[in-house]
S.K.: 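Could you have a look at this structure, given as structure tokens, before my questions?
Every number for a ligand or one of its atoms is a count from 1 in the order of the listing.
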Amino acid sequence: MLRVTIDGQPRECAPGTVLEALEALGVGVPALCNDSRLAPVGACRTCIVEVEGHERPVAACTTPLVEGMVVRTRSPGVEAQRRVLLRLLASEYPAEAVARHPDKPFHRALREYGLDGEARGEQRPELRDDSHPYIHVDMSQCIRCYRCVRICDDVQGQFVWRVWNRGADTRILPDGPSLKESSCVSCGACVDSCPTGALEDRTLLDRGWPEAWTRTTCSYCGVGCEMDVGTRAGRIVTVRPSREGPSNQGHLCSKGRYAFDFVTAPDRVTVPLLREAGGWRRASWDEALGFIARRLRSLRDAHGPDAVGMLGSARATNEENYLAQKLARVVLGTNNVDCCARVCHAPSAAGLKQMLGTGASTNSFEDVDHARTLLVAGSNTTECHPVVGARIKQAVLRGAKLIVIDSRRTELARYADVHLQPRAGTDVPLLNALAHVVVAEGLCDEDFLRERVDALEDFRAFIHGWTPEHAARLCGVDADALRHAARLYATHGPSMMVHGLGMTEHVQGTETVMALVNLALLTGNLGGPGMGVNPMRGQNNVQGSAHMGCEPGQLTGYVPLEQHRARFEAAWGAPLPSTPGLDLTRMMEAARGGRLHALWAIGYDVLLTNPDANTTREALERLELLVVQDLFLNETARALGHVFLPACTSFEKDGTFMNGERRVQRVRASLPPTGDCLADWEILCRAARALGHPEGFAFQSPEEVWDEVRRVWPAGAGLSYARLEHGGLQWPCPDERHPGTRVLHTGAFALGPRAALRRVGYAPSPEAPTEAFPFVLMTGRRLYAFNAGTMTSRTPNARLQPGDWLDMAAADAERLGLEDGARVRVRSRYGEAVLPMRRAEGLRPGELFTTFHTVEVFINAVTGPHQDGYTHTPDYKVTAVRVERAE
Ligand SMILES: Nc1nc2c(c(=O)[nH]1)N[C@H]1C(S)=C(S)[C@@H](COP(=O)(O)OP(=O)(O)OC[C@H]3O[C@@H](n4cnc5c(=O)[nH]c(N)nc54)[C@H](O)[C@@H]3O)O[C@H]1N2
Ligand SMILES: Nc1nc2c(c(=O)[nH]1)N[C@H]1C(S)=C(S)[C@@H](COP(=O)(O)OP(=O)(O)OC[C@H]3O[C@@H](n4cnc5c(=O)[nH]c(N)nc54)[C@H](O)[C@@H]3O)O[C@H]1N2
Ligand SMILES: [Mo]
């Protein structure tokens, strides 16, 4: 700590700039061009202070604090200078704006200096841009602090805002004809930073200033961004990023920042519903739960407990998923419980668990800043995990090396030192070839191998045949590019892997993850900062849902059921079912075969998102009871549900989520429940009572549920709500003094001192293109829509990205005589879908890409039944199809 004197008071401050010290002490000075997320520039000079020994006032934002410094923030000299500066800015600033946006830093400064009456500028209509659904632009209120320009460049890395002209004529304009038509990705960072009313959220202008702020965690993807929700009169007015958020550090993406209005969508279901001959009928909670209880009891009496299945929700909290699997096992008496980790990163969990002992990311998002080389494999990070994607871009702009393995040229591929673009489904050969180069060229970390790795000789013998030339033929990549990538990853460490569904949603999903782990083991890139193997987990709580026990063979803490049966039976005071449970894909088969009679799906649109939808439909149609617990009549409910239970959104309940870096974070209600909706945890507790089994479900709050979770999960015992208050904690965290774990496998692996390399042979996808089905279709996602689209389609995000469309290489489009926008029929062996096509750059001819975000297109009618052998995760990435113009 430094001892300094500020405004006559002796103070102790942490090293940093003078402005940081003043802010920490709560000594406010205007600082209009300053933003703690940006490097200070000292341009506006409103933060000037007097420092003893300096002839002239200095800008507090660019002046480092030093021991013994004597600072005066309010001396007559600096106050006078500040007033002159502010008066100059005011003279050009529109008067109405000051009143309209009372809480902006510039307006506060004007009021503080009694200058609000001196705003005399004009509102100039030609400087307004009304194009964007979320961001209102009025550059007559621009004071040229350039915060928008800088935050777009230095945090998001999008470079949308450009500076035109100089001096008094300076204009800041987007890089397109309007903001909507620009390269803007709607992260809202510029709005959040703008100190005036030049850039503002439309919702805030329309609905008024927030009356209350609530800190919570975003409910879209697995990054786990912390955010502050501003509410007024029972509505969300705006969402702002929390600067303390460990994984987002003051940044958000378009979904977390803006896509919240689904909460008040007119078709939100707010009462329980029962299906009758004529359609849905309103019911009371007692009636709906009573109906479910009677039906479940009679199905169980007729067919045994395993006639029933339960799906937890990767969108709901840990507490709720814990209760879902407990209800399945203890009340319904079945291990038939799963969640949509099954269709997503189950191969990552399985591969990492088998090889290293823990089925989760080895490192943290923070490690992106410590890696010298980043290997992004099958992850479209900038669209699917935009806050981490932006962080990767910034790391690369600062000089980190980037290797991208993706079958398309993604945004990150354009930043990459090497982009390996394999034919879809050929990553095992590609990764084996990288391992071959590492071994053959002597690039292994010999010390690491000696101390921590087994099966080296066997692996050497195996990998010998996987030459780059051999792999190059299978993958369609250049052999020298493979060599270049392998050398970079092995020799320019620490090297960090980030991987996505391009690795896992394949017939070889788990094996592909194992091939990634092989590379990390060979090069010693495990157990330290800036390293590791890191699945970019999909939904906000998919890591947590599986970890709480929503998997047939795993109990809370992701421990094997058979090994931990006795401990859980003691804790729960009830026997656990003895038959092994079915996972989601096996439940669908059982339903089709007439062996599963009831399914309870919490926050999971199975019909729309499972592959081979015609088969899924047949399965669900045969069920005698399909309970859907959701926010909306999603496609599963609309088409086939028998009972609908209306749940609260994450804005309306308390609890915790677990993000992709093993961090447990608090979710806090910012709104009261809508209508009769209940939080999922309350629904499940009431259901247990209705089923005549109240014991073990008498919880009064999510915290009580969580405290039970901590009792049965030793590695989470230290994660009390009190300790999660600020920023959350990463497990393992075994006791209340433990600081949490940022990096796994330091010193030893979770499974022991040594891990073994694995032979990963190559089994090509059965969906090889044929004459009848000459194209390979990959499916995935795009920036503005989220998965089943139930939430994002009910927000203005839908205006930023129109539905699903098919990307096709220009050469293919020409050959087929298809113009952009042409409607095409995509047909596979399993079904068909009709959608518009567009030419896309960065696709290999013969390969296609589309998304599964809308019911209108229903692309899963086309995807096939093939699965990963270990986890039964569907192959959504390789389907042989043909394309023809739709009439
Ligand atoms: N905007 C948005 N964000 C999301 C979601 C969303 O729907 N929308 N969903 C969330 C969820 S649930 C998840 S799981 C994550 C998914 O996040 P990602 O895994 O990043 O998403 P995908 O688009 O499914 O696929 C990733 C990449 O794999 C590539 N790929 C496909 N096949 C292959 C292949 O055979 N080999 C290689 N090397 N690459 C291949 C695709 O070109 C694509 O760029 O995103 C989460 N975030
Ligand atoms: N073709 C193709 N299909 C795919 C994929 C692909 O890449 N290609 N990816 C797969 C992957 S990775 C995934 S994760 C799945 C995703 O499939 P889903 O899990 O079905 O998709 P989501 O849209 O995330 O949300 C599910 C539901 O949760 C509801 N919900 C949100 N919050 C809550 C809550 O708090 N409580 C309750 N009860 N409900 C809530 C939403 O309204 C929505 O209906 O799709 C899979 N399907
Ligand atoms: Mo996912």
Side-chain angles (χ1 to χ4, degrees), residues 219-223 253-255 262 311 313-317 320 339-345 376-386 389 404-410 412-413 420-427 430 475 499-506 512 535-542 601-611 628-637 645-650 652-653 655 679-680 683 765 776-792 842-843 847 849-853 859-860 862-863 873-874 876-879:
S219 70
Y220 281 105
C221 84
V223 175
C253 79
S254 64
K255 294 178 290 309
F262 64 87
L311 297 175
S313 176
R315 309 303 299 279
T317 63
E320 292 163 344
C339 68
C340 79
R342 182 68 44 211
V343 299
C344 184
H345 270 291
V376 175
S379 157
N380 182 10
T381 331
T382 55
E383 290 197 73
C384 295
H385 302 88
V404 170
I405 307 176
D406 200 293
S407 304
R408 296 180 306 147
R409 184 143 45 84
T410 56
L412 282 182
L420 303 174
Q421 191 172 359
R423 291 191 184 99
T426 63
D427 294 278
L430 185 150
C475 313
H499 75 266
L501 303 180
M503 298 290 115
T504 62
E505 285 179 342
H506 284 293
T512 311
M536 294 300 301
R537 299 307 305 256
Q539 293 142 308
N540 54 321
N541 201 36
V542 66
I602 306 174
Y604 186 174
D605 194 350
V606 189
L607 179 57
L608 185 67
T609 63
N610 249 29
V628 175
Q629 180 169 323
D630 206 285
L631 318 176
F632 298 98
L633 283 178
N634 61 23
E635 192 51 17
T636 308
L645 303 177
C648 288
T649 68
S650 67
E652 301 159 322
K653 65 187 174 190
D680 294 290
I683 301 175
S765 159
V776 166
L777 174 70
M778 297 181 270
T779 61
R781 29 205 42 84
R782 299 191 212 265
L783 179 65
Y784 288 112
F786 196 84
N787 289 352
T790 34
M791 292 147 86
T792 44
L843 262 181
E847 294 192 346
F849 179 83
T850 190
T851 51
F852 65 106
H853 298 310
I859 199 65
N860 278 319
V862 173
T863 52
T873 296
Y876 290 108
K877 299 297 190 239
V878 184
T879 310

S.K.: Suppose I only count heavy atoms of N860 and a 4.0 Å limit; which atoms of ligand 2 are within that range?
M.R.: 1 (N), 2 (C), 3 (N)
S.K.: How does D680 reach ligand 2, if at all, at less than 4.0 Å between non-hydrogen atoms: by side chain, backbone, both, or neither?
M.R.: side chain
S.K.: Out of the candidates V404, D406, T382, only one should pair with V376 under the side-chain contact (heavy atoms from CB on, under 4.5 Å) rule; please name it.
M.R.: V404
S.K.: Exactly one of E320, R315, Q629 should register a side-chain contact (heavy atoms from CB on, under 4.5 Å) with I602. Which one does?
M.R.: Q629
S.K.: Just to verify, what does T851 make a side chain to side chain donor-acceptor pair (under 3.5 Å) with, not counting sequence neighbours?
M.R.: D804
S.K.: Go through ligand 2 atom by atom and flag the ones less than 4.0 Å from a non-hydrogen atom of C648.
M.R.: 34 (C), 35 (O)
S.K.: Check ligand 2 against G603 and write out every atom of the ligand that is under 4.0 Å from a heavy-atom position of the residue.
M.R.: 26 (C), 27 (C), 28 (O), 29 (C), 37 (C), 38 (N), 39 (N), 40 (C)
S.K.: I would like to know whether Y876 and V343 meet side-chain contact (heavy atoms from CB on, under 4.5 Å); could you show each step before the answer?
M.R.: CA-CA 9 Å; Y876 290 108; V343 299; 3.6 Å; yes
S.K.: So, the side chain of T504 versus the backbone of H345: is there a donor-acceptor pair under 3.5 Å, distance only?
M.R.: no
S.K.: I need the contact residues for ligand 1: any residue with a non-hydrogen atom closer than 4.0 Å to the ligand, ordered by chain then number.
M.R.: C221, K255, C344, G378, S379, N380, E383, C384, H385, I405, D406, S407, R408, T410, P422, A424, G425, D427, G500, L501, G502, M503, H506, G538, Q539, M778, G780, R781, R782, L783, A785, F786, N787, H853, K877
S.K.: Which atoms of ligand 2 sit under 4.0 Å from any heavy atom of I602?
M.R.: 38 (N)
S.K.: Can you sort out which atoms of ligand 2 are near N634, meaning under 4.0 Å from one of its heavy atoms?
M.R.: 44 (O)
S.K.: Just jot down the side chain to side chain donor-acceptor pair (under 3.5 Å) partners of N610, sequence neighbours excluded, or say none.
M.R.: none
S.K.: Side chain or backbone of D605 under 4.0 Å from ligand 2, or both, or neither, by non-hydrogen atoms?
M.R.: both
S.K.: Kindly say whether V606 contributes a backbone atom to a donor-acceptor pair with the side chain of T636 at under 3.5 angstrom?
M.R.: yes
S.K.: Only counting residues at least two apart or in another chain, list the ones meeting ring-ring contact (aromatic ring centres under 6.0 Å, His included) with F786.
M.R.: Y220
S.K.: Return yes if some donor-acceptor pair links the side-chain N/O of D427 with the main-chain N/O of L430 below 3.5 Å, else return no.
M.R.: no
